[in-house]
Number of protein chains: 2
Amino acid sequence: MSKTTLNKISEILGISKSTASKALNNYADVSPKTKAMVLNLAKELDYTPNSFAQNLRSQESKIIGLIVPEIVHYFFSNIILGVINAASKCGYAVVVVQSNDDYEYEVKQLDALLQKNVDGVLLSFADNTNNFKHVKSLLSNNVPLVLYDKISKLIDCNKVVIDDIKAAQMATQHLIDIGCKKIAIVRNKLKSQTTIDRYKGYKKALLLNDIEYDKLLDIETEDVSLESGKKAALTIFENHKEVDAVFAVTDLLAIGVLETFKENNVQVPEQISIIGFSNWLLTQITTPHLSTIDQPGQQMGKVAFDLLYSEIINNKNNVKEPYKTVVIDTKVISRESTK
Amino acid sequence: MSKTTLNKISEILGISKSTASKALNNYADVSPKTKAMVLNLAKELDYTPNSFAQNLRSQESKIIGLIVPEIVHYFFSNIILGVINAASKCGYAVVVVQSNDDYEYEVKQLDALLQKNVDGVLLSFADNTNNFKHVKSLLSNNVPLVLYDKISKLIDCNKVVIDDIKAAQMATQHLIDIGCKKIAIVRNKLKSQTTIDRYKGYKKALLLNDIEYDKLLDIETEDVSLESGKKAALTIFENHKEVDAVFAVTDLLAIGVLETFKENNVQVPEQISIIGFSNWLLTQITTPHLSTIDQPGQQMGKVAFDLLYSEIINNKNNVKEPYKTVVIDTKVISRESTK
DNA sequence: TTTATTACCGAAACCGGTTTCGTAAATTAT
DNA sequence: ATAATTTACGAAACCGGTTTCGGTAATAAA
């Protein structure tokens, strides 16, 4: 049994394809009788319009592309969920791809999305992306784009971010508020905007509290892995016994730091306080529970989709709205690792 | 500047659309000169075929649907990654949706996928799915389907699973091997196949080692959350001091159990050993590190896609292969929580 | 009764490719 | 030289909807 098409329906009823289509789409110029006839038969034959044909006609796929640096990642999982839920409510499906935090891959995956004719793209840059040809060509091709989380100020489009400077400043201030004086920062050396901003926030907090920035307490790591956190902690443990607090720019780094201190019998938080960044599920499970910055992924995903959606709608209606940058609120989650 | 189409190319070159199409698709009946001409112009105008038209013609979308019970979940994140990587290599995009571990939602999301005309579906059932009308209608509509992880034996299709019985048996045997005698099981009461099988494996191991199954040590929880694990541990702690080991059917449950024991000054593993299930990243971060069963999500995702892909290809060529059930190997990861 | 409206329907164009089939020209075989 | 192939190309159908536009018949207004 082949799929039922409009042609089949119109043939059976002895009417034209046009009328059948109109009946299904609530056009005014269809008599009640005819409409009922069509609707009944459509239901009986379990008719669903062929979306390929609809897509070709409307030139839209009702699918959007979502590029995340890493899929197996608590924060980005929440992004994905937020996007998918919001999209689903508007009848959009989401194709998810991963850039592997690599520029080349990001370009490739973006191309793949465009070949599928997605109606818009949500993108968080790879750590090593500092060339923006690919997104600029997107924009010149009039494909709606929303950048989220790891963005670039050089691109003129809708964005949704957290205020990394402010959040990092709050994290550092929290450490200062509980009495810490020698605060180390552990950050990855790749210069993504988020890393840079968290670094700025750290320095800003020091400055505002008349604490001198000490280059030796500024530990750069290869990446943001658990292992890198451990290495960083070892550096601190071996060379800087005076340190009484660590701000790590990601939770995983923070956990690596925490683990290593524990292994070396450094009491957390009695001897040293630790705060991370993102509020991964992980942080509620460490011993002691890790203080961190809440970075609401689901909400960011939802907002990102909403921005994209309104841009898609505006495009259809040929209206041009100025681009927005939505800043999502973060807050300090104070747990046992900072006291 | 509008998008370049085949029509535009053929008009510019003064040839027919057919010939232009053939040139681009390596047909034999195009002269070398004409072919070069078309290819050059296509490159110059940055021509990419309109996939809507291709889809309509070929009646395939080169998109597959992936339904996961929960997106923010270490195991399923790995599934998603495995699927996406494998799919991408074959030119397929993946639309990801979440069933929320709820049957109604699962049906709804499946419908949404079908409306997008996906070429196939990968599905892991919600915990409360025990009605299979939706997937049966899929199969009768000849839409390729592969079930993974949470499957049903009642459905005749390709599947990829781990041997939950064997894995749970291995976990329990591991506890026995290290000398435990009173082994409790913590499992969610919803009767998904995986839960049932892990329960079976637990009992099988007891049986093979002449340990009597004790209904009182069989703790049923509402769900598989951290909280449920904590509640279960409290039950054990308050009523069954004799228990010297706990097998929890998920890592999160196990971590809840672990946390609660620690809070009540029960030494792990000295007084009680704990083993979980799945090998989440979390398990490497708890104190003590949690023993568990490795459940290789990425590999399962890859295998699931490969099965789906070959079914899609077979369908196109009108060949019918018998359905397979691929069983992925698991192994015990012995860490500090079992000694 | 004549004219103006309204209600209802269908032919056909359109979206942009792919593929079949017929045919004229060029080449080879006889 | 003619006949048989081969080469190269294009017209047109096709995929399955949506939408415009024109026209007839029924109704309302003059």
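The structure displayed is predicted, hence computed values, not measured ones. Chain letters run A, B, ... following the sequence lines, proteins first, then strands; residues in each count from 1. Hydrogens, waters and symmetry mates are skipped; everything else that's a heavy atom, side chains included, is used.
Of the residues near DNA chain C, A:Lys17 and A:Lys22, the one whose nearest nucleotide (by heavy atom distance) lies more toward the 5' end is A:Lys22. DNA chain C is contacted by both A:Asp29 and A:Arg57; A:Asp29 maps to the nucleotide lying nearer its 5′ end (nearest heavy atom per residue). Along DNA chain D, the nucleotide closest to B:Lys35 and the one closest to B:Leu56 are compared, and the more 5′ of them pairs with B:Lys35.
B:Asn55 comes within 4.0 angstrom of nothing in the nucleic acid, heavy atoms only. At the heavy-atom level, A:Thr5 lies under 4.0 Å from the strands shown only through sugar-phosphate atoms.
Looking at B:Glu60 and B:Lys316, a side-chain N of the basic residue comes within less than 4.0 Å of a carboxylate O on the acidic one, giving a salt bridge. Between B:Lys150 and B:Asp101 there is a salt bridge, since at least one side-chain N of the basic residue sits less than 4.0 Å from a carboxylate O of the acidic one. Here B:Asp29 pairs with B:Lys22 in a salt bridge; the nearest charged N to carboxylate O distance falls below 4.0 Å.
Between A:Phe125 and the options A:Phe132, A:Tyr148, A:Tyr103, a ring pair (Phe, Tyr, Trp, His ring centres under 6.0 Å) holds for only A:Phe132.
Considering only side-chain N and O atoms, A:Ser16 lies under 4.0 angstrom from the phosphate OP1 or OP2 of C:dG10. The phosphate of D:dT7 has neither OP1 nor OP2 within less than 4.0 Å of any side-chain N or O from B:Tyr27. Distances shorter than 4.0 Å separate some side-chain N or O of B:Gln54 from OP1 or OP2 on C:dT18. Put simply, B:Ser31 has no side-chain N or O that comes within less than 4.0 Å of OP1 or OP2 on D:dA8. Put simply, B:Thr34 has a side-chain N or O that comes within less than 4.0 Å of OP1 or OP2 on D:dC9.
Side chains of B:Asn315 and B:Lys320: a donor-acceptor N/O pair is absent below 3.5 angstrom, by distance only. Residues B:Gln109 and B:Ser99 have side chains that never bring a donor and an acceptor to within less than 3.5 angstrom of each other. The closest side-chain donor-acceptor pair between A:Asn117 and A:Gln59, if any, does not fall under 3.5 angstrom.
Closest to the side chain of A:Val30, from the set C:dC9, D:dG16, D:dA11, is C:dC9.
Rounded to 10°, the helix from C:dT1-D:dA30 to C:dA29-D:dT2 has 50° between the axis fitted to its first five pairs and the one fitted to its last five.
Taking atom NZ on A:Lys8 and atom P on D:dC15, their separation rounds to 11 Å, with Å as the unit. Atoms NZ (B:Lys3) and P (C:dC15) sit 14 Å apart, rounded to a whole Å. Atoms CD (A:Gln59) and C1' (D:dT19) sit 15 Å apart, rounded to a whole Å.
One N or O donor and one acceptor, one from the side chain of B:Ser18 and one from the base of D:dA12, sit under 3.5 Å apart.
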